[in-house]
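Worksheet: one structure, shown below.
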Amino acid sequence: MPPRGARSVEAKVIVWFRDAVARLKREGVLPADFAVDLAIERPRREEFGDFGCALPLQMARVMKRPPAECARALIGAMTVPDDEVAAVEFAPPGYVNVRVRPEAWFAGLREVREAPDRYGESAAGAGERVLLEFVSANPTGPLHVGHGRGAVLGDALARILRAAGTHVETEYYINDVGNQIATLGRSVWARGREVLGLPAAFPDNGYRGGYVRDIAADLARGGDRAWFDQDYDAAGPPDRHPFALAAAARLLAGIREDLDALGVSFDRWFSERSLYDRGLVPGAVQDLLARGHAYRDDHGAVLFRMGGDGDDEDRVVVRANGVPTYFASDIAYHREKADRGYTRLVNIWGADHHGYIPRMKAAIAAFGRDPSVLEVLLVQMVTLTRGGVVVPMGKRSGEFVTLREVVDEVGPDAVRFLFLLRKADAQMEFDLDLAKAQTMENPVYYVQYGHARVASILRKAAALGLAPPDWSADLRAALVLPEEEAMVRDLGRFPGVVASAARRREPHHVAFYLMDLVKGFHSYYTKYKHSEKVVSSDRRKTAARLFLVFCVKAVLARGLGLLGVNAPEEMRFAGADDEQE
RNA sequence: GGGCGAUUAGCUCAGUUGGAUAGAGCGUUGGUCUCCGGAACCAAAGGCCGUGGGUUCGAAUCCCGCAUCGCCCA
């Protein structure tokens, strides 16, 4: 039960426009079927006010009247409270701009002061039940940097969606069945025999990373060494060989540790094998056959019928030898997820899997569900560079920089923030030297430094017996510097930014917002450090400014929290004092 | 050969779903400190938004062709 009494300023403005449009429809000025998306925007130039709307340009089309005339009609139909709005103006060629009174912006900060750790929450995404599945890397090797990007995106998105009132559960799907697990087991077996001096043929497509040898060496030393003396396939199903299970379990544990180091956790770890244990994979295949969405070919294989006129051909779900493909268990998995009652299944995939999307959607449709419940967010590749030079990542050879190495070298906060500073669906370059640099080149420290700086001010004030006051309307009158009014407005934008990031599934908007907000603060701080300090002999201004910077700190912490980045109370100066080690 | 994505300042990237004079960080150049934290601030220079057409009052944004890069599929 959120104590949200007041709507955000932006939400109010949207309502004012919407009501005006409705009124014009009632009066017959606009046709009843006039439909617009009420996109209000933030004007680039300050003189245009706080919110702008190009509605008259769209009205002009249907009304067949000049935009200026439409704008007059729109303005005439708007009823806005005088104590909240300073001006509603027409601007050529067809804008209506709204300037909100500083008092109205300031009123929104009451929520920040009363519940700093909840500010930005809304009901924008209420009613949705989302299952967010991400990473889901095979437990056949350590995570690489690309997985890390998906992990950070998913984790931040979950936090942002929850802030927007959406019920979210996060899940990691473990491919612990099949060829790849069998290949892992064979790789371990072969490496172990090498260690023991036994003849061994390493599988052609085996996993060549050094970790396989480490696992094999441990097994050879332990009580399982007898398995090395007999043929791999003598032990039963190749993906259930003790080595396959042991290696997968160990790699999965490592994956969890690596994600933990990055601050990413999951509500649920879902095993592919559990689908088989419950009979859901053959069950799904049988249902597809029964419904005519799959058929048996001449060789006895079962193929999923893609149907339609698409260029996408039918796909094998069960091979002629009776072994189901990964596609079969993916179908069963998504059906199972849908059966759990979510309104939306959001998957984060590497962009190299984009060709898989039509298949999964078709599979969902085959079970009679709306394929639009499946929403796939693609994460593009990460190119690692060091000082501008690309770090080669040979997947085949197993020679690649692991996620863990990057996190250990750069630190989780910088990794997360730099990933989230880019739109997910675009390739990005990740420069290790830049990420590691604790200088102004690195945006994450810029934001964190702002937070620490405010904390420092509040500590100083506390030492003088001063604390940020509770909200009251009269504090506003002491905040008249243009930078102060701008910060109040920026703070008021935050809930809208979070809601928009949630709706669009784009956490990077929060990161950019934080850069904006903290820039305003740094600028303000430096400009007035000699003239209009936060803590001064003027008690009235001091109280108001302590209130303001408290809110800045709270929103920085909150925003960083939505990205999973720490908001430190103080930061060590690198190179400022002693040289440690 | 088919498909997906990308192409915006020297570099790395935003651009609120078709709107106002296209923005930020870094880098470059030149400035600012009698410190509530200089990991800061201010200013300047820097653009045919890959290219050619189209759609309309209006395009970085939508449509088509082409070029380049990455990735899937064959």
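Nothing here was measured: the structure is a model prediction, and the numbers come from that model. All chains are named by letter (A, B, ...) in the order of the sequence lines, taking the proteins before the strands, and each is independently numbered beginning at 1.
- Of all nucleotides listed (B:C36, B:G5, B:A40), B:G5 comes nearest to the side chain of A:Gln380.
- A straight line from OH of A:Tyr445 to C1' of B:C26 spans 16 Å, rounded to a whole angstrom.
- A:Glu429 comes within 4.0 angstrom of the backbone, heavy atoms only, and of no base.
- Out of B:A40, B:C36, B:G15, the shortest distance to the side chain of A:Lys533 is found at B:C36.
- Residue-to-nucleotide contacts include no donor-acceptor pair under 3.5 Å from the side chain of A:Asp516 to the base of B:A14.
- Closest to the side chain of A:Asp352, from the set B:C71, B:C41, B:A14, is B:C71.
- Between B:U12 and B:U28, the distance separating the two C1' atoms is 16 Å to the nearest Å.
- As judged by a 4.0 angstrom heavy-atom cut-off over every strand, A:Ala452 is placed among the base-contacting residues.
- Nucleic acid contact for A:His353: none, since no nucleic acid atom lies under 4.0 Å from a heavy atom of the residue.
- Residue ring and nucleobase are stacked for A:Phe48 and B:A20, with a centre distance beneath 5.5 angstrom and an angle between planes beneath 30°.
- When all heavy atoms of A:Val302 and A:Ala294 are compared, the pair lying nearest together is CG1-CB, 3.9 Å.
- Between A:Asp330 and A:Arg359 there is no salt bridge, since none of the side-chain N atoms of the basic residue sits less than 4.0 Å from a carboxylate O of the acidic one.
- Here B:A20 is the nucleotide among B:A20, B:G5, B:C41 with the atom lying nearest to any side-chain atom of A:Asn97.
- Proximity of A:Trp105 to A:Glu485: side-chain heavy atoms (C-beta onward) are nowhere separated by under 4.5 Å.
- Checking B:G15, B:C71, B:A74 against the side-chain heavy atoms of A:Arg315 singles out B:A74 as nearest.
- Remark: ring of A:Tyr525 overlaps the six-membered base ring of B:C36 in a stacked fashion, centroids less than 5.5 Å apart, planes less than 30° apart.
- Using a 4.0 Å heavy-atom cutoff across all strands shown, A:Ser456 reaches at least one base atom of the nucleic acid.
- Considering only side-chain N and O atoms, A:His522 lies nowhere under 4.0 angstrom from the phosphate OP1 or OP2 of B:G38.
- Regarding A:Lys529, its NZ atom lies at a distance of 9 Å from the P atom of B:C35, rounded to whole Å.
- No contact: A:Gln448 has no heavy atom under 4.0 Å from any strand.
- Nucleic acid contact class of A:Arg42 (heavy atoms, under 4.0 Å, all strands): base.
- The shortest heavy-atom contact between A:Leu384 and A:Val406 is CD1-CG2, 4.3 Å.
- A side-chain donor from one of A:Gln448 and A:Asp413 sits under 3.5 Å from a side-chain acceptor of the other.
- Note on A:Lys527: nothing from the nucleic acid sits closer than 4.0 angstrom, heavy atoms only.
- The distance from the CZ atom of A:Arg493 to the OH atom of A:Tyr513 is 6.0 Å, given to the nearest 0.5 Å.
- In this structure, B:U51 shows a glycosidic angle more than 90 degrees from zero, which is the anti conformation.
- Taking the side chain of A:His509 as heavy atoms from C-beta on, and the options B:G15, B:G70, B:C13, the nearest nucleotide is B:G15.
- Within 3.5 Å, no donor on the side chain of A:His354 pairs with an acceptor on the base of B:G5, nor the reverse.
- Out of B:C13, B:C73, B:A40, the shortest distance to the side chain of A:Arg422 is found at B:C13.
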